[in-house]
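This report refers to the structure that appears directly beneath it.
All heavy atoms count here, side chains included; hydrogens, waters and symmetry mates do not.
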Amino acid sequence: MPELTRRRALGAAATALAGLAVADLATTVLSHPAAAAPNASDPAPFDEVYQGRRIQGGPSHGGGHHGNGHHGNGHHGAGYAVRIDGDELHVMRNADGTWISVVNHYETFATPRAVARAAVVELQGAELVPLVLA
């Protein structure tokens, strides 16, 4: 049997830690399948008054400010439109299934409804200015 050296001991420890990390990741993915892959179905439509502002969300049908423009699918929001007091809030769906908006661009949300509510809070009563893309 070969002699146990410092190099072999460190190699064995690194291999064991890597194995534990992979096992932990697999356990997390299996126990939270929604976190592993985005939900293929569209979020539920909503229409409510939140902090005195009317927020609405639902599937869009090719309209919106992009039409079928340079982004291919017609909308960053993958065919989903959100409105605050009738004005469109530009939303985008991330690859991991979370949502962001132009108002809260560096904060992700689980649903378009949560994005709309956060935008209402952030706007603090100000009007939503339409996003104009050249």
Side-chain angles (χ1 to χ4, degrees):
M1 184 167 144
E3 185 179 317
L4 183 60
T5 64
R6 190 178 324 165
R7 179 177 286 170
R8 287 187 185 186
L10 287 173
T15 301
L17 286 175
L20 289 173
V22 169
D24 184 48
L25 178 64
T27 302
T28 302
V29 168
L30 292 175
S31 66
H32 296 78
N39 189 351
S41 65
D42 285 337
F46 61 92
D47 187 348
E48 67 182 46
V49 175
Y50 181 75
Q51 293 188 0
R53 309 285 294 266
R54 184 175 184 194
I55 59 174
Q56 300 168 288
S60 63
H61 303 289
H65 59 271
H66 279 294
N68 286 321
H70 64 284
H71 293 287
N73 66 359
H75 243 92
H76 292 296
Y80 200 87
V82 174
R83 298 190 171 280
I84 297 176
D85 294 335
D87 295 321
E88 184 177 5
L89 173 66
H90 186 73
V91 296
M92 296 149 280
R93 189 173 202 169
N94 295 321
D96 65 356
T98 59
W99 293 80
I100 59 175
S101 76
V102 294
V103 175
N104 302 85
H105 199 76
Y106 297 105
E107 188 175 359
T108 60
F109 299 91
T111 65
R113 180 188 309 244
V115 169
R117 288 178 174 176
V120 166
V121 170
E122 188 70 26
L123 287 168
Q124 299 178 7
E127 292 296 316
L128 185 62
V129 177
L131 179 65
V132 179
L133 298 175

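Closest approach of Ala110 to Trp99, counting heavy atoms only: O-CD1, 3.6 Å. A pairwise comparison of heavy atoms in Ala116 and Leu89 identifies CA-CD2, 4.1 Å as the closest pair. Of all heavy-atom pairs spanning Ala118 and Phe109, the tightest one is CB-CZ, 3.3 Å. Nearest heavy atom pair, residue Asn104 against residue Val115, reads OD1-O, 4.4 Å. Taking all atoms of both residues into account, the shortest heavy-atom contact from Asn94 to Ile100 is ND2-CG2, 3.7 Å.
Atoms NE2 and OG, on His90 and Ser101 in that order, are 9.0 Å from each other to the nearest 0.5 Å. With rounding to the nearest 0.5 Å, the separation of CG in Asp85 from CG in Leu123 is 9.5 Å. Going from atom CZ of Arg83 over to atom CD1 of Ile55 covers 14.0 Å, rounded to the nearest 0.5 Å. Here the CZ atom belonging to Arg53 is positioned 15.0 Å from the CZ atom belonging to Arg117, to the nearest 0.5 angstrom. Of the inter-residue distances, the one linking Ser60 atom OG with Glu88 atom CD reads 7.5 Å to the nearest 0.5 angstrom. A distance of 10.0 Å separates CD1 of Ile84 from CD of Glu127, quoted to the nearest 0.5 Å.
Within the 4.5 Å cutoff, side-chain heavy atoms of Val82 are placed close to those of Pro112.
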